[in-house]
Amino acid sequence: MADKVVPHFQNDRGIEVIEIGAKEFQCIGARPPYDHPHVFLDMGKDEEIVCPYCSTLYRFNGKLAEYQAEPEDCLWSPEAA
(Lines give C-alpha, C1' and ligand atoms only; values in the text may rest on other atoms or scores of the structure.)
Protein backbone atom coordinates (compact mmCIF):
# COMPACT_ATOMS: atom_id res chain seq x y z
CA MET A 1 0.00 0.00 0.00
CA ALA A 2 1.24 3.47 -0.83
CA ASP A 3 2.52 5.56 2.04
CA LYS A 4 1.36 8.87 0.53
CA VAL A 5 -1.30 10.27 -1.76
CA VAL A 6 -0.07 11.16 -5.24
CA PRO A 7 -0.93 14.77 -6.15
CA HIS A 8 -3.82 15.15 -8.63
CA PHE A 9 -4.18 18.09 -10.99
CA GLN A 10 -7.11 19.17 -13.17
CA ASN A 11 -7.66 21.62 -15.98
CA ASP A 12 -11.31 22.77 -16.03
CA ARG A 13 -10.37 26.06 -17.68
CA GLY A 14 -8.39 24.56 -20.56
CA ILE A 15 -5.17 26.31 -19.55
CA GLU A 16 -2.30 25.62 -21.95
CA VAL A 17 0.47 25.30 -19.29
CA ILE A 18 0.14 24.43 -15.60
CA GLU A 19 3.16 24.78 -13.33
CA ILE A 20 3.37 22.19 -10.56
CA GLY A 21 5.71 21.28 -7.72
CA ALA A 22 5.61 17.51 -8.34
CA LYS A 23 7.33 15.37 -10.94
CA GLU A 24 5.06 12.36 -10.30
CA PHE A 25 1.33 13.04 -10.27
CA GLN A 26 -2.04 12.21 -11.78
CA CYS A 27 -3.90 14.28 -14.36
CA ILE A 28 -7.67 13.92 -14.26
CA GLY A 29 -8.55 16.36 -17.07
CA ALA A 30 -11.60 18.34 -15.95
CA ARG A 31 -13.20 17.88 -12.55
CA PRO A 32 -15.62 14.97 -12.10
CA PRO A 33 -17.98 14.09 -13.61
CA TYR A 34 -16.24 15.42 -16.74
CA ASP A 35 -12.85 13.91 -15.95
CA HIS A 36 -10.87 11.61 -18.22
CA PRO A 37 -9.22 8.41 -16.91
CA HIS A 38 -6.91 9.41 -14.09
CA VAL A 39 -3.50 8.93 -15.68
CA PHE A 40 -0.25 8.70 -13.69
CA LEU A 41 2.48 10.85 -15.21
CA ASP A 42 6.18 10.80 -14.30
CA MET A 43 8.48 13.53 -15.64
CA GLY A 44 11.62 11.66 -14.66
CA LYS A 45 14.57 13.93 -15.42
CA ASP A 46 12.50 16.15 -17.72
CA GLU A 47 11.02 19.48 -16.67
CA GLU A 48 7.68 19.10 -18.47
CA ILE A 49 5.23 16.49 -19.70
CA VAL A 50 2.05 16.48 -21.80
CA CYS A 51 -1.03 14.55 -20.68
CA PRO A 52 -1.88 12.04 -23.44
CA TYR A 53 -5.64 12.46 -22.82
CA CYS A 54 -6.21 16.21 -22.55
CA SER A 55 -2.94 17.60 -23.96
CA THR A 56 -2.31 19.79 -20.91
CA LEU A 57 1.36 20.73 -20.64
CA TYR A 58 2.60 20.34 -17.06
CA ARG A 59 5.82 22.18 -16.22
CA PHE A 60 7.84 21.49 -13.06
CA ASN A 61 8.49 24.54 -10.88
CA GLY A 62 10.93 23.82 -8.03
CA LYS A 63 9.69 26.89 -6.13
CA LEU A 64 6.29 25.21 -5.61
CA ALA A 65 5.62 22.56 -2.96
CA GLU A 66 4.64 19.07 -4.16
CA TYR A 67 0.92 19.81 -3.65
CA GLN A 68 0.92 23.26 -5.25
CA ALA A 69 0.03 24.43 -8.74
CA GLU A 70 0.02 27.69 -10.60
CA PRO A 71 -2.81 28.55 -11.11
CA GLU A 72 -3.77 27.33 -7.63
CA ASP A 73 -7.21 26.03 -8.61
CA CYS A 74 -5.62 23.32 -10.80
CA LEU A 75 -4.82 21.21 -7.72
CA TRP A 76 -7.56 18.62 -7.17
CA SER A 77 -8.23 16.72 -3.97
CA PRO A 78 -9.78 13.23 -4.26
CA GLU A 79 -11.36 13.81 -0.84
CA ALA A 80 -13.29 16.76 -2.32
CA ALA A 81 -15.02 14.56 -4.88
TODO: Might you work through the side chain to side chain contact (heavy atoms under 4.5 Å, CB included) test for I20 and M43, ending with a clear yes or no?
DONE: CA-CA 11 Å; I20 60 174; M43 289 185 201; 3.8 Å; yes
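Distance check, rounded to the nearest 0.5 Å: OH of Y53 to NE2 of H38 gives 11.0 Å. The structure places CG of L75 at 10.0 Å from NE2 of H8, a figure rounded to the nearest 0.5 Å. To the nearest 0.5 Å, atoms CD1 (I15) and SG (C74) are separated by 4.0 Å. To the nearest 0.5 Å, the span separating CD on E19 from CD on E47 amounts to 11.0 Å. Between E48 atom CD and L57 atom CG the span is 4.5 Å, to the nearest 0.5 Å. Summarising the geometry, atom CD belonging to Q10 is positioned 12.0 Å from atom SG belonging to C51; distances are rounded to the nearest 0.5 Å.
Few gaps surround CZ on F40; more than 12 heavy atoms of other groups in view lie less than 6.0 Å from it.
For E24 against D42, the heavy-atom pair with the smallest separation is OE2-OD2, 3.4 Å. The heavy-atom pair separating D35 from I28 by the smallest distance is CB-O, 3.1 Å. For the pair C27 and Y58, the tightest heavy-atom approach, listed with the atom from each and the gap, is SG-OH, 3.1 Å.
The hydrophobic cluster containing V39 also contains I49, counting ILVMFWY residues as joined when their side-chain heavy atoms lie under 4.5 angstrom apart, directly or transitively. Placement of Y67 and L64 in two distinct hydrophobic clusters is found when ILVMFWY residues are connected by side-chain heavy-atom separations under 4.5 Å, directly or transitively.
Between F9 and F25, the two ring planes are perpendicular [angle over 60°; tilted spans 30° to 60°].
Between the side chain of K63 and the backbone N or O of G21, no donor-acceptor pair lies under 3.5 Å. With hydrogens and angles ignored, the 3.5 Å screen pairs a side-chain donor or acceptor of H36 with a backbone N or O of G29.
Side-chain atoms of P32 and W76, non-hydrogen and from C-beta on, do get closer than 4.5 Å to each other. A heavy-atom distance below 4.5 Å is found between the side chains of D73 and R31. Side-chain contact between E70 and N61: absent, with no pair of heavy atoms (C-beta onward) separated by less than 4.5 Å.
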